[in-house]
Amino acid sequence: QVHLVETGGGLVQTGDSLRLSCAVSGDTFKSYAMGWFRQAPGREREFVAAISWSGDHSYYADSVKGRFTISRDSAKSAVYLQMNSLKSEDTAVYYCAADRLSIPRTGLTAHWGQGTQVTVSS
């Protein structure tokens with residue numbers, strides 16, 4: 001069973017940058033397409049970004065396109081989310097997601113981490 005652990009969250013100010021990491025263990029990393037989701041208080045979990053098994057293709061929500069970058073490192077079995085030009089509306093718990101069969105872009109994704117809090121203060 002794949003295990004996902006997110007790190008890197010914290011409290012930052014508007015305009016700052018933050019890099020989230022997701023360590024993957026328990027199964028073959030390259031077998032999984034990876035993604036990031038977030039959930040703000042009182043709102044549903046929403047898609048942020050995803051990356052294909054090989055890393056050749058990446059996908060972004062319109063709200064983060066041009067500011068966030070997803071990447072993966074097979075040698076470290078990790079996926080990253082570089083977040084630049086952060087806004088107060090980016091405040092949320094960020095979740096790492098993994099799926100063997102499809103790009104994780106919906107809540108039907110198979111595997112989830114426990115989440116890491118990102119708070120952007122204005």
Side-chain angles (χ1 to χ4, degrees):
Q1 179 78 348
V2 69
H3 187 54
L4 311 176
V5 178
E6 304 96 332
T7 56
L11 173 63
V12 296
Q13 295 186 334
T14 301
D16 284 352
S17 297
L18 203 59
R19 187 196 196 203
L20 304 183
S21 300
C22 174
V24 181
S25 61
D27 203 347
T28 305
F29 178 64
K30 65 181 181 181
S31 297
Y32 292 85
M34 303 296 300
W36 289 94
F37 289 72
R38 67 187 181 187
Q39 187 168 18
R43 301 188 66 176
E44 294 187 353
R45 189 174 299 187
E46 65 175 2
F47 168 74
V48 175
I51 191 165
S52 62
W53 295 260
S54 63
D56 289 347
H57 300 283
S58 56
Y59 310 83
Y60 298 93
D62 288 343
S63 58
V64 306
K65 202 170 294 183
R67 299 189 297 122
F68 291 11
T69 303
I70 188 171
S71 61
R72 62 188 295 158
D73 186 337
S74 295
K76 297 182 178 180
S77 294
V79 62
Y80 306 100
L81 186 68
Q82 177 66 43
M83 306 185 293
N84 298 330
S85 302
L86 283 161
K87 306 175 181 180
S88 57
E89 51 262 45
D90 294 319
T91 295
V93 177
Y94 283 71
Y95 297 90
C96 180
D99 200 294
R100 280 183 166 270
L101 302 179
S102 61
I103 302 291
R105 302 182 67 174
T106 74
L108 299 178
T109 296
H111 306 283
W112 298 91
Q114 83 289 348
T116 185
Q117 175 70 47
V118 173
T119 302
V120 184
S121 172
S122 56

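When reading the values below, keep in mind they use all heavy atoms of this one structure, side chains included, and skip hydrogens, waters and symmetry mates.
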Of all the heavy-atom pairs spanning M34 and C22, show the shortest one and how long it is.
CE-SG, 4.4 Å

Is the backbone of I103 close enough, under 3.5 Å, to the side chain of W53 for a donor and an acceptor to pair up by distance?
no

For the residue pair G35 and P104, what are the closest heavy atoms and their distance?
N-CG, 3.5 Å

If the plane angle is over 60° it's perpendicular, under 30° parallel, otherwise tilted; pick one for Y94 and F68.
tilted

With sequence neighbours excluded, give me every side-chain hydrogen bond (donor to acceptor under 3.5 Å, both in side chains) pair touching residues 76-86.
S17-N84, Q82-N84

Measure the spacing between CZ of R19 and OG1 of T69 and express it to the nearest 0.5 Å.
11.0 Å

Considering all heavy atoms, the nearest A40-A92 contact:
N-CB, 3.8 Å

Hydrophobic clustering (ILVMFWY, side-chain heavy atoms < 4.5 Å, transitive) - are F37 and Y60 grouped together?
no

To the nearest 0.5 angstrom, please state how far the NE2 atom of H3 sits from the SG atom of C96.
11.0 Å

Going hydrophobic residue to hydrophobic residue with side-chain gaps under 4.5 angstrom, can you get from V120 over to V64?
yes

If you round to the nearest 0.5 Å, how far is CZ of R38 from CD of E89?
8.0 Å

Using side-chain heavy atoms (C-beta onward) and a distance below 4.5 Å, is M83 in contact with D90?
no

Nearest atoms (heavy-atom pairs only) where S52 meets D56
OG-N, 3.2 Å

For the hydrophobic clusters of this structure (ILVMFWY residues joined by side-chain heavy atoms under 4.5 Å, transitively), does one cluster hold both Y59 and W36?
no

Transitively linked via ILVMFWY side-chain contacts under 4.5 Å: L4 with I70?
yes

Please round to the nearest 0.5 Å and tell me the distance separating atom OG of S25 and atom CD of Q1.
10.5 Å

Ignoring hydrogens and angles, tell me if any N or O in the side chain of S58 forms a donor-acceptor pair with the backbone of A50 under 3.5 Å.
no

Is V48 reachable from L86 through a run of hydrophobic residues whose side-chain heavy atoms are each under 4.5 Å from the next?
yes

Do the side chain of R45 and the main chain of Y95 share a donor and acceptor less than 3.5 angstrom apart?
no

Looking at Y32 and D27, what are the two nearest heavy atoms and their distance?
OH-OD2, 2.6 Å

side-chain hydrogen bond (donor to acceptor under 3.5 Å, both in side chains) contacts in which one or both residues fall within residues 103-117, not counting sequence neighbours
E6-Q114, Q117-T119

Which heavy atom of L101 sits nearest to which heavy atom of D99, and what is that distance?
N-OD1, 2.8 Å

